[in-house]
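The structure's right below; bear with me while I get my questions together.
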There are 4 protein chains.
Amino acid sequence: MDKKELIRNSAIKVIAAEGYHNTTVKMIAQKAEIAVGTIYNYFSNKGEILNYIFEVEFNKRIELLQQLKQKNISLKEKIMIFLDKHFADLKANSDTATVLIQESKLPRKHSLEAINNFMNKLPDLLAKIIDQAREKEEIRIVNSQLVANIIFHTIRGVATKVVKDNKLSFTEAKKELLDQIWFGLSK
Amino acid sequence: MDKKELIRNSAIKVIAAEGYHNTTVKMIAQKAEIAVGTIYNYFSNKGEILNYIFEVEFNKRIELLQQLKQKNISLKEKIMIFLDKHFADLKANSDTATVLIQESKLPRKHSLEAINNFMNKLPDLLAKIIDQAREKEEIRIVNSQLVANIIFHTIRGVATKVVKDNKLSFTEAKKELLDQIWFGLSK
Amino acid sequence: MDKKELIRNSAIKVIAAEGYHNTTVKMIAQKAEIAVGTIYNYFSNKGEILNYIFEVEFNKRIELLQQLKQKNISLKEKIMIFLDKHFADLKANSDTATVLIQESKLPRKHSLEAINNFMNKLPDLLAKIIDQAREKEEIRIVNSQLVANIIFHTIRGVATKVVKDNKLSFTEAKKELLDQIWFGLSK
Amino acid sequence: MDKKELIRNSAIKVIAAEGYHNTTVKMIAQKAEIAVGTIYNYFSNKGEILNYIFEVEFNKRIELLQQLKQKNISLKEKIMIFLDKHFADLKANSDTATVLIQESKLPRKHSLEAINNFMNKLPDLLAKIIDQAREKEEIRIVNSQLVANIIFHTIRGVATKVVKDNKLSFTEAKKELLDQIWFGLSK
DNA sequence: TATGAATGAGGGTTCATTCAT
DNA sequence: GATGAATGAACCCTCATTCAT
């Protein structure tokens with residue numbers, strides 16, 4: 001059993017419930033049923049744990065986006081595939097979703113690399129995908145940077161709502177989201 | 001000079017730069033050039049300061065939305081006016097904007113009333129405004145709750161980006177945002 | 001209306017309920033319905049308030065004991081009279097009783113003059129009264145200092161019990177106490 | 001070396017000299033030559049330290065009294081044995097004695113369990129022992145509850161005096177005390 | 001005299017991190 | 001690697017006291 005994974009998963013559960021700042025390293029150790037000291041064999045400090053959580057999720061998504069970027073399919077399809085995977089992921093790991101939403105905003109001075117990547121590089125890559133579509137004249141003329149950001153936060157907005165409000169189904173949300181994004185982009 | 005306002009403004013500056021959890025009450029006192037104890041003559045604890053910051057901003061926005069709701073103008077115009085005022089406000093008080101975005105996500109267990117109001121009642125009211133437009137058949141059929149959330153978070157997302165990134169102009173962002181929202185809604 | 005008395009009486013009520021150390025000057029001011037600052041026009045600091053409470057009670061008792069000392073009656077009668085007055089007083093002012101018992105033990109380093117007087121001069125005077133009785137051979141040979149202390153603390157102990165426990169009657173307690181003291185002294 | 005004992009003993013010394021309310025946790029840590037934080041590994045808060053001090057002493061005495069209760073010896077002998085042990089203990093640990101006397105009176109609202117036990121359950125058990133003797137007609141008819149309290153406070157009164165006044169010998173005090181109690185009880 | 005806002009030293013407590021076992 | 005007791009800086013908050021009005 002991989003201990004680093006054990007710690008990551010335990011941390012996600014506690015942080016989702018308590019928030020990163022109200023989570024103590026001891027709490028994470030208890031959830032993982034290991035000693036505090038052990039955590040420091042895998043992470044150099046508390047911040048690194050949160051950073052690692054974002055890193056893993058960031059890598060999942062950047063990889064997916066990179067694959068999509070190279071695929072020869074329409075932007076609409078790309079967005080659909082991304083939403084499918086992303087929402088499937090959130091549904092399966094709602095604690096992770098909570099953490100990603102809850103802990104994503106640190107002031108510059110105390111920022112973590114993986115969080116910055118998550119919040120900046122994902123929209124950046126999305127912007128490139130939009131540029132591609134623009135060149136192929138699939139969509140109307142837009143400021144791709146801005147629109148990528150809009151889409152990114154649109155997705156987060158829906159995720160926030162769905163995670164909090166269990167009356168809303170993921171599938172319905174996904175459909176509405178796709179419409180909202182696509183009608184916003186199409187010529 | 002109103003001391004409570006002085007404290008609120010000082011707190012906004014420090015929290016914007018440091019984040020709420022890295023902000024000490026002492027820091028706020030120093031920024032306000034008063035003693036720590038004085039702060040506790042106006043706020044019963046640290047959390048109340050943050051709560052008050054949200055309360056003030058929440059009231060501003062809820063008032064504006066309520067006015068708009070009653071106005072006999074199109075949804076598009078309502079959104080335009082809201083974006084105008086909102087962005088003007090953010091531009092004038094970028095620290096406040098930072099705080100509103102940075103500190104809005106507390107786990108249920110440690111939540112503050114005014115933050116909850118901000119994050120729930122504002123989209124709720126927005127949803128009602130969308131419902132009105134729907135009844136007048138200004139827009140296509142949508143899940144208003146969900147779309148209100150999308151719009152709310154989209155605005156926040158763009159605001160974040162623009163506040164942080166001085167290459168992006170507020171006016172361009174506003175235009176792009178309006179298009180994206182409007183095309184997403186119109187029939 | 002004498003403000004110093006007002007403060008003393010308010011202080012007694014609050015201190016009885018909260019204990020001296022959990023009592024703030026503000027609490028006393030609120031109970032007295034005056035401003036904190038006003039208290040400092042009559043007492044130089046918080047300790048002085050407690051000191052004054054003991055001073056007043058000390059004076060009452062020392063006066064009584066001095067009168068008794070000069071009276072030409074038996075020791076038993078003197079004790080009876082003292083118990084009568086003392087218990088009548090406690091009954092009428094149970095908050096004062098509580099304070100006298102609760103707050104009487106301060107470590108030497110932080111001691112207050114009136115408390116020291118209360119705890120030392122009262123037993124001292126009682127010892128002298130016992131000595132008188134001893135000279136008249138009313139009682140057996142005893143270490144009067146010690147016995148005076150015993151009596152003093154015994155009275156306080158029973159008072160505590162009776163004040164707290166409403167099942168016990170003052171009159172029965174007084175009788176039992178007198179017996180116990182008297183049989184302990186008589187030849 | 002048991003750390004909890006170390007803390008207890010250090011606390012006793014500081015509290016005896018300063019009083020509980022003038023004692024800071026830091027002072028206790030310094031006396032124990034450990035870090036403040038360490039204290040909180042053994043006690044959940046400052047009050048628990050005082051509580052534990054009383055708990056230990058309460059247990060010592062309740063155990064002794066329980067043993068005595070079962071012994072088939074006269075009440076006078078029981079009292080003698082108790083006084084012997086108690087005073088030997090006080091003599092050996094005069095700081096503990098000081099704490100037990102000084103800190104025993106907290107207002108109901110802020111009371112500690114072990115202090116309440118000490119002040120109530122000890123006299124209660126003593127009352128039962130007196131009842132036994134009464135049934136065997138060893139002593140005169142008395143309200144055992146009251147008399148138990150009287151004796152309890154009588155002992156405390158002497159202890160107070162002896163602890164404060166080093167001119168008085170424990171042995172002399174013990175003798176006087178026994179007389180006072182016994183003559184008070186005997187037929 | 002009466003007021004009560006302002007003060008800031010100092011209290012109890014927490015918790016990320018270390019390190020000897 | 002695994003442990004968890006020990007650490008102590010730093011936090012939030014209190015409250016006796018002052019002083020301008």
Side-chain angles (χ1 to χ4, degrees), chain A residues 1 3-4 6-7 20-30 32-50, chain B residues 1-4 6-7 20-30 32-49, chain C residues 3-4 6-7 20-30 32-50, chain D residues 1-4 6-7 20-30 32-50:
Chain A
M1 160 222 42
K3 217 150 251 184
K4 196 168 180 182
L6 171 65
I7 295 168
Y20 173 69
H21 281 100
N22 303 302
T23 296
T24 69
V25 178
K26 202 178 203 167
M27 281 167 153
I28 297 173
Q30 273 163 352
E33 296 183 326
I34 57 175
V36 238
T38 307
I39 290 181
Y40 284 85
N41 289 333
Y42 296 90
F43 296 93
S44 61
N45 57 51
K46 189 188 166 192
E48 274 302 305
I49 304 175
L50 183 60
Chain B
M1 161 223 39
D2 185 357
K3 266 255 155 103
K4 198 169 180 182
L6 171 64
I7 294 168
Y20 173 69
H21 283 99
N22 304 302
T23 296
T24 71
V25 178
K26 201 178 203 168
M27 282 169 168
I28 297 173
Q30 272 162 353
E33 295 183 324
I34 57 175
V36 222
T38 305
I39 290 181
Y40 287 89
N41 288 337
Y42 297 88
F43 296 93
S44 59
N45 54 52
K46 188 189 166 191
E48 274 303 305
I49 305 174
Chain C
K3 217 149 252 186
K4 195 168 181 179
L6 171 64
I7 295 168
Y20 172 68
H21 281 100
N22 304 302
T23 296
T24 69
V25 178
K26 200 176 203 169
M27 281 166 153
I28 298 171
Q30 271 162 353
E33 296 180 327
I34 57 175
V36 239
T38 307
I39 291 182
Y40 284 86
N41 289 333
Y42 296 89
F43 296 93
S44 60
N45 55 52
K46 188 187 166 192
E48 272 305 304
I49 304 173
L50 184 60
Chain D
M1 163 222 39
D2 185 358
K3 232 163 244 148
K4 196 169 181 181
L6 170 64
I7 295 168
Y20 172 68
H21 281 100
N22 304 301
T23 296
T24 69
V25 178
K26 200 177 204 169
M27 282 168 167
I28 298 173
Q30 271 161 353
E33 296 182 325
I34 58 176
V36 227
T38 305
I39 290 180
Y40 287 87
N41 289 337
Y42 296 89
F43 298 93
S44 59
N45 55 53
K46 188 186 166 194
E48 273 303 303
I49 304 174
L50 183 59

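Chain letters run A, B, ... following the sequence lines, proteins first and then strands; every chain starts at 1.
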Considering just the side-chain nitrogens and oxygens of A:K46, establish if one lies under 4.0 Å of OP1 or OP2 belonging to E:dC15.
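For E:dC15, neither OP1 nor OP2 has a side-chain N or O of A:K46 closer than 4.0 Å.
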Selected nucleotide, minimal atom distance to D:V36 side chain, candidates E:dT3, F:dA9, F:dC15
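Of all the options, the side chain of D:V36 is nearest to F:dA9.
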Can you tell me the Watson-Crick or wobble partner of F:dA20, both distances under 3.5 angstrom?
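Partner of F:dA20: E:dT3.
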Could you state the atom-to-atom distance from OH of B:Y42 to C1' of E:dT7 in whole Å?
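Answer to the nearest Å: 12 Å.
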How many whole angstroms separate atom NZ of B:K4 from atom C1' of E:dA5?
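Computing the B:K4:NZ to E:dA5:C1' distance gives 15 Å.
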Output the rounded distance in Å from NE2 (B:H21) to C1' (E:dT14).
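Interatomic distance, NE2 of B:H21 to C1' of E:dT14: 14 Å.
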What heavy-atom pair brings D:I28 and D:I49 nearest, and what distance separates the two atoms?
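Scanning both residues completely, I find the closest heavy atoms to be CD1-CD1, 4.1 Å.
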Closest contact, heavy atoms only, D:I34 versus D:K3
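It is CG2-CE, 4.3 Å.
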Give the rounded distance in Å between these two atoms: CD1 of A:I7 and P of F:dG1.
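Atom-to-atom, A:I7 to F:dG1, this comes out as 11 Å.
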Rounded to whole Å, please give me the gap between NZ in A:K26 and C1' in F:dA6.
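Those two atoms, NZ and C1', are 11 Å apart.
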When we call it a touch if two heavy atoms are under 4.0 Å apart, what does B:T23 touch: a base, just sugar-phosphate, or nothing?
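Result for B:T23 = sugar-phosphate.
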Closest nucleotide of DNA chain E for D:Y40 versus for C:N41: which of these residues is on the 5' side?
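With D:Y40 and C:N41 compared, the 5'-side residue is C:N41.
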On DNA chain E, does the nearest nucleotide to D:Y20 precede the nearest nucleotide to B:I34 from the 5' side, or the other way round? Give the residue.
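Per heavy-atom nearest nucleotide, the more 5' residue is B:I34.
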C:E48 CD to F:dT17 P, straight-line distance once rounded to whole Å
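Taking atom P of F:dT17 as the reference, CD of C:E48 is at 10 Å.
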Shortest non-hydrogen contact between A:K46 and A:T23, atoms and distance
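Closest pair (atom of A:K46, atom of A:T23, distance): NZ-O, 2.9 Å.
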Quickly work out the D:I49 CD1 to E:dG12 P distance and round it to whole Å.
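So the two atoms are 9 Å apart, to the nearest Å.
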Between A:A35 and D:E33, which is nearer to the 5' end of DNA chain F once each is assigned its nearest nucleotide?
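It is A:A35, whose closest nucleotide lies nearer the 5' terminus.
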Assign each of B:N45 and A:K3 to its nearest nucleotide of DNA chain F by heavy atoms, then name whichever residue's nucleotide is nearer the 5' end.
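Nearest nucleotide further toward 5': that of A:K3.
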E:dT7 OP1/OP2 closer than 4.0 Å to side-chain N/O of B:T38:
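It does, given that an N or O in the side chain of B:T38 lies less than 4.0 Å from OP1 or OP2 of E:dT7.
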Need one value for A:T24: base, sugar-phosphate or nothing, where a base atom within 4.0 Å counts as base even if backbone is also close, heavy atoms only.
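Sugar-phosphate contact only - A:T24 comes under 4.0 Å of backbone atoms but never of a base.
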Closest non-hydrogen atom pair, A:A29 against A:A35:
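So the minimum-distance heavy-atom pair works out to CB-C, 4.0 Å.
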Starting at atom CE of D:M27, determine the distance to atom P of E:dG11, rounded to an integer number of angstrom.
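Between P of E:dG11 and CE of D:M27: 7 Å.
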Do A:K4 and A:F43 have side chains that approach each other closer than 4.5 Å (heavy atoms only, starting at C-beta)?
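Of all side-chain heavy-atom pairs linking A:F43 with A:K4, at least one is under 4.5 Å.
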